[in-house]
Each structure stands twice: as C-alpha cells, then as structure tokens.
Amino acid sequence: GVVPTRKLNTIQKLVARHWQGRLAKEVLQQRLEPGLWAELEGSTSQEDMLRRAKTACNRELKALRLEKLAIRQGSRTCQGENLLERYGLLALPPAEIAQDDRWLP
C-alpha cells in the first residue's frame, strides 16, 4: 500500500533500500504518496532524499497539529458559549418572582 507522508521511519527504510539497489525507483514511486514523490524525485543522494522526506513529514505533522488545535479551540469556544447561556439562564429570576411587581421596571 501507499505509505502516508507522516510515517517518516517507514519512508526512511524504503529510501535506504532504494539507494542500496534493493528497491526499484518505480516501486518506491508506487509506495510513496504522489506529492511526496514529486518532492523526492530530483534528489541527488540518499542524504538529500532523506532530508527532503523529513521536511515533508514535518510539514504534514505541523498541518495536522494546527488542524487539531483549530478543532479543539472551536469546541472550546462552543463550550464557553454553552456555559454563558446556561449561567445566563440561571441568573434569570424564577417565573413566579419575575411576576412579582418588585422585578418589574
């Protein structure tokens, strides 16, 4: 199957096998995601290819972290709004007290 860009360890093993001559370029291309392969394709050495793979992996992981953070902040905002609504309702006087003329303007 195709190896996700965030699986750096697996990608490093595949790249090493490719540069040792144990894995054909076509097979490596099939195993990697198309975007990652596009970045690695022009590499001149194993070290260069590994460095590019690590950069791509870090970029992918950073994007995932930011996405999770946005989701967490979004849910936190919703929770805050829900609490404000609940406390707002608690602050309202009960119906019978509200009907009392002391609460009327």
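The figures that follow rest on heavy atoms only: side chains count, while hydrogens, waters and symmetry mates do not.
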Practice task
Flag the pair K54 / C57 as yes when at least one side-chain heavy-atom distance between them is below 4.5 Å, and no otherwise.
Solution key: no
Handout entry: Full working for side chain to side chain contact (heavy atoms under 4.5 Å, CB included) between R6 and L64
Key = CA-CA 10 Å; R6 66 182 182 277; L64 283 173; 3.8 Å; yes
Problem - Hydrophobic cluster membership, L14 vs L8, 4.5 Å side-chain cutoff - result: no
Practice task
Hey, could you give me the CZ/NZ distance between R17 and K13, rounded to the nearest 0.5 Å?
Solution key: 10.0 Å
Exercise for the section: Would you mind reporting whether E33 and V3 have side-chain heavy atoms less than 4.5 Å apart? Expected result: no
Completion exercise
In short, W37 meets L28 closest at the heavy-atom pair CZ3-CD2, 3.7 Å
Practice task
List the atom of M49, the atom of L40, and the distance in Å for their closest heavy-atom pair.
Solution key: O-CD2, 3.4 Å
Practice task
Search all heavy atoms of A53 against all heavy atoms of L36 and return the closest pair with its distance.
Solution key: CA-CD1, 4.3 Å
Completion exercise
Rounded to the nearest 0.5 Å, the CD1 atom of I11 sits from the CZ atom of R52 at a distance of 14.5 Å
Completion exercise
In this structure, OG1 of T55 is separated from CG of L50 (nearest 0.5 Å) by 10.5 Å
Exercise for the section: Can you measure from CZ (R51) to CD (Q46) and round to the nearest 0.5 angstrom? Expected result: 12.0 Å
Practice task
Could you give me the CA-CA distance, side-chain angles and deciding distance for R31 and V2, then say whether side chain to side chain contact (heavy atoms under 4.5 Å, CB included) is met?
Solution key: CA-CA 5 Å; R31 294 291 311 272; V2 175; over 6 Å; no
Practice task
Please test E39 against R59 for salt bridge (charged side-chain N to carboxylate O under 4.0 Å, His left out), starting from the C-alpha separation and ending with a verdict.
Solution key: CA-CA 12 Å; E39 289 187 42; R59 190 178 324 117; 2.9 Å; yes
